[in-house]
Amino acid sequence: MWAFINKLRSPRWFYAISARLQPYFWVAATALILVGTVWGLAFAPADYQQGNSFRIIYVHVPAAFLAQSIFVSMAVAAVVFMVWKIKIADMAAAVMAPLGAAMTFIALFSGAVWGVPTWGTWWMWDARLTSMLILLFLYFGVIALRGAFASRDSGSRAASVLAMVGVINIPIIKYSVEWWHTLHQPATFTVTGRVAMPLEMWAPLLLMVLGFYSFFIALTLMRTRNEILRRESRKRWVRDLAGGEH
Amino acid sequence: MQHAERLAVTEPRGGLGVALAATLRRDLMLLMRRRSEVMNPLVFFALVITLFPLGISPDAELLAIVAPGLLWVAALLATLLSLDSLFRADFEDGCLEQMLLAPQPLALMVMAKVAVHWLLTGLPLALMAPLLGITLSLPAGSYGILSLSLALGTASLSLIGAIGAALTVGLARGGVLLSLLVLPLYVPVLIFGTGAVQAALLGDALAAHLAILGALLAGALMLAPWAIAASLRISING
């Protein structure tokens, strides 16, 4: 166990092992998303109430899942970095943040587009929309704080603290926003009103969710590898690598 | 023997209690000498509240509906405004480094600073809010709750905000960043703070809202000091 953790400390080892893992996740992501998209958009039956507009779910739900999962994984990486000083964890956290913000934006945007045919408006101060918007601001805060420091190490540690503070607050914000929503305005339309999807509808959704997660893992591996090369560019093994390939 | 004696000389006298009292007294005294810094958030609070009737409508009925939210948001922004100076002066003259070096735990010493911040920002805001409530024709019967919810809420705001202030104290232009970091975290306090005032207006049970405000404060009291201390270490060593 400890040998494994010690190995994880070595960027060089991670660089080698991720090169072997990466293709599997790319293949899985491409296959799952392709099949899920074609199945969901062309073959899944139309919703009896919402018609074809419900198909936005195949982008919206996976993106919303990822938006929240990425923040949690970022915070876990931050804890690992702060406690065990494993630099790879910080590199992963650094490359995850923009992807998480992008996913939050996609979830918000697809939700807004979906809102037009179903609610008749682009935006509603719905509990979920609002907590997603706040999540987007939390991502912006983490990204901006990391960039604000002159020294990279300080930026890393500050962003880690903020990610940890944020992840403790996310459930509190989520539940208080839900309470606020029931307090201020009765829910006119809720997404949860749609219950018990038939198999033909949720199977492609499941594929899409799995595909999005594979994509997240593959992209994080790839970008962490780039980050390793960037940060370790003065190290001997990186120079050898660059020299060997040229 | 001689060695032990020499150690005894450098050992802190009186321990934690003395250090906390000294920090409290020092910070209170420093702020009382810079009265404008204490007055600024209050003036800002009054000014922002003055802008709302100008921007929305002088209609008393309309203002009464939005008053709890306006008062809370304005008080929240006034707290935010005062955060930047929480650690700034101590950071610049090196006092923070001394606090870091002191044998007393930084997390507790920081609590004394945050307590002073609340005493001279949050509490005055809470006491001033009913006065501004009158100008917004906030219905009678909710003034006590307005003050109480603000007093409870601003304590959480000071604690949470201090994390952001500690993270940005080493940055030259931390002000805008500070609001980006802190405002999303203020959402729950705002929701339950205005919720309490509105419950009082509607005659609903408000104990639940106040209890949650208290719970948020308890949670912040427990966790925020560690985050503040860690952030200060990062800002000073970085």
Side-chain angles (χ1 to χ4, degrees), chain A residues 71 75 78-79 81-83 85 90 101 104 125 127 129-185, chain B residues 65 68-69 156 159-164 166-199 202 204 208-209 212-213 215-216 219-220 222-224 226-238:
Chain A
F71 205 99
V79 171
F81 171 65
M82 290 298 271
V83 174
K85 313 278 176 222
D90 178 57
T104 314
W125 289 99
L129 289 177
T130 312
S131 49
M132 264 305 194
L133 187 64
I134 295 167
L135 182 66
L136 184 64
F137 290 135
L138 283 175
Y139 272 119
F140 284 162
V142 173
I143 297 171
L145 187 65
R146 184 182 288 275
F149 280 82
S151 109
R152 187 171 54 210
D153 191 49
S154 305
S156 297
R157 287 190 291 151
S160 301
V161 170
L162 189 64
M164 288 188 257
V165 171
V167 88
I168 293 172
N169 274 279
I170 282 177
I172 301 176
I173 293 173
K174 205 171 149 62
Y175 285 110
S176 54
V177 167
E178 258 163 40
W179 194 347
W180 157 79
H181 186 65
T182 53
L183 206 75
H184 283 241
Q185 56 184 92
Chain B
I65 296 171
S156 306
L159 278 165
I160 300 169
I163 304 175
L167 281 172
T168 53
V169 71
L171 304 172
R173 281 183 296 276
V176 184
L177 187 59
L178 177 63
S179 49
L180 178 61
L181 304 186
V182 164
L183 282 179
L185 304 177
Y186 276 1
V187 169
V189 180
L190 175 68
I191 287 172
F192 292 108
T194 47
V197 183
Q198 268 164 356
L202 297 171
D204 286 352
H209 291 94
I212 291 185
L213 275 182
L216 289 174
M222 210 165 56
L223 297 174
W226 308 109
I228 300 168
S231 310
L232 281 178
R233 290 217 165 82
I234 293 166
S235 285
I236 286 173
N237 296 335

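Letters A, B, ... are given to chains in the order of the sequence lines, protein chains preceding strands, and every chain is numbered from 1.
- For B:Leu190, no part lies near chain A; criterion is any non-hydrogen pair under 4.5 Å.
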Do B:Ile191 and A:Trp179 pass the side-chain contact (heavy atoms from CB on, under 4.5 Å) test, and can you show the C-alpha distance, the side-chain angles, and the key distance before you say yes or no? CA-CA 9 Å; B:Ile191 287 172; A:Trp179 194 347; 5.6 Å; no

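- Interatomic distance, OG1 of B:Thr168 versus CZ of A:Phe149, reported as 8.0 Å (0.5 Å rounding).
- Annotation: the span from B:Leu216 atom CG to A:Ser176 atom OG amounts to 7.5 Å, rounded to 0.5 Å.
- Residues B:Leu171 and A:Ala148 come closest through the heavy atom pair CD2-O, 3.3 Å.
- Across B:Ile234 and A:Ala158, no two heavy atoms sit closer than the pair CD1-N, 3.8 Å.
- Nearest approach of B:Leu177 to A:Ala144, heavy atoms of both residues: CD1-CB, 3.5 Å.
- With contacts defined as side-chain heavy-atom distances shorter than 4.5 Å, the pair A:Leu162/B:Ile163 does not qualify.
- The minimum heavy-atom distance linking B:Val187 with A:Ile134 is given by the pair CG2-CD1, 3.6 Å.
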Without placing hydrogens or testing angles, list every side-chain donor-acceptor pair under 3.5 Å for residues 164-172 of chain A, not counting sequence neighbours.
from     : atom 1 : to       : atom 2 : distance (Å)
A:Asn169 : ND2    : A:Val165 : O      : 2.9

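- Residue pairs meeting the salt bridge (charged side-chain N to carboxylate O under 4.0 Å, His left out) criterion with at least one partner in residues 139-149 of chain A, sequence neighbours excluded, are A:Asp90-A:Arg146.
- For B:Ile160, no part sits under 4.5 Å from any heavy atom of chain A, backbone or side chain.
- Interface check for chain B: of the options A:Val161, A:Leu145, A:Asp153, the most heavy-atom pairs under 4.5 Å are formed by A:Leu145.
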